[in-house]
Amino acid sequence: DVKVTQSSRYLVKRTGEKVFLECVQDMDHENMFWYRQDPGLGLRLIYFSYDVKMKEKGDIPEGYSVSREKKERFSLILESASTNQTSMYLCASSYTEAFFGQGTRLTVV
Amino acid sequence: AQSVTQLDSQVPVFEEAPVELRCNYSSSVSVYLFWYVQYPNQGLQLLLKYLSGSTLVKGINGFEAEFNKSQTSFHLRKPSVHISDTAEYFCAVTLSGGSYIPTFGRGTSLIVHP
């Protein structure tokens, strides 16, 4: 069974903290994505990666960075968490169709 | 760049009634089309996809969708819904030749009443 695994389902962090969200896929996909999901706004692309060490900004990259040191792992980094980054974060990998992790619900207080 | 419009943010329906969730897309080149479902506090899972071939696509859980190139639409249908179909549904598009970056609609909340 194909799988995308996100390291945490729920996280609570303080304003100003550095936050790491980890994602691992077992399908040998080259493409990996980080989306943010907010009510009424759907899924918005933060960053994507099409190969190891390769990354491209999506629609809302401000306040985020990413790391892809190995093909199976794609990390999202919030350099200094703020309350407006409270959201559901979804990782996906794809060839044609996307496979999603279970999501991480992040609350910044 | 491609875009996706889901025409209804919320669709209430009674159990065993038929339902249609509407999706229109915009793209100057050929696309692949997808419908995903999201249950509360879960990730998205694929319902069905159109890559090529027959324009009527059947998916899981009794759902189907029809690709209409002239109308640039990919509407999702089910002839008889169940309470368990209550979820958020997302339409998505990727370019058929390229980096396969999915662009999603804003979602339609399907609410099935007993």
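Per chain, numbering begins at 1; letters A, B, ... match sequence-line order. None of the values given here were measured: they were computed from a predicted structure.
- Close approach to chain A, defined as a heavy atom under 4.5 Å from one of its heavy atoms, is seen in no residue of residues 107-114 of chain B.
- Proximity to chain A among residues 34-47 of chain B is limited to B:F34, B:Y36, B:Q38, B:N41, B:Q42, B:G43, B:L44, B:L46, judged by heavy-atom separations below 4.5 angstrom.
- Tracing side-chain contacts under 4.5 Å through hydrophobic residues (I, L, V, M, F, W, Y), one never reaches A:Y35 starting from A:L78; they form parts of separate clusters.
- The hydrophobic clustering, which links ILVMFWY residues whose side-chain heavy atoms are closer than 4.5 Å, places A:W34 and A:M88 apart.
- The interface of residues 70-87 of chain B with chain A, defined by heavy-atom distances below 4.5 Å, is empty.
- Closest heavy-atom contact between B:F90 and A:G42: CE2-CA, 4.0 Å.
- Transitive grouping of hydrophobic side chains (ILVMFWY, heavy atoms separated by less than 4.5 Å) brings A:L106 and A:F74 into a common cluster.
- In the hydrophobic cluster analysis, where Ile, Leu, Val, Met, Phe, Trp and Tyr join through side-chain heavy atoms closer than 4.5 angstrom, A:L76 is grouped together with A:V108.
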**Report entry** CA sep, side-chain torsions, deciding dist, call: A:Q37, B:F104, side-chain contact (heavy atoms from CB on, under 4.5 Å)
**Finding:** CA-CA 11 Å; A:Q37 183 180 15; B:F104 288 85; over 6 Å; no

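- A:V24 and A:V19 are assigned to two separate hydrophobic clusters, defined by single-linkage of ILVMFWY side chains at heavy-atom distances under 4.5 Å.
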Identify every side-chain donor-acceptor pair in residues 25-33 of chain B under 3.5 Å, counting partners at least two apart or on other chains, and give the distances.
residue, atom, partner, partner atom, Å
B:S27, OG, B:V29, N, 3.2
B:S27, OG, B:V29, O, 2.9

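- For B:F14, the CZ atom is loosely surrounded, since the number of other residues' heavy atoms within 6.0 Å does not exceed 12.
- In this structure, the portion of A:L90 lying under 4.5 Å from any heavy atom of chain B is its side chain and not its backbone.
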Query raised in the report: What's the verdict on side-chain contact (heavy atoms from CB on, under 4.5 Å) for B:I101 and A:L45, showing C-alpha distance, side-chain angles and the deciding distance?
Result: CA-CA 9 Å; B:I101 302 168; A:L45 183 64; 3.7 Å; yes

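- Proximity to chain B (any heavy atom under 4.5 Å) is shown, for A:R44, by neither the backbone nor the side chain.
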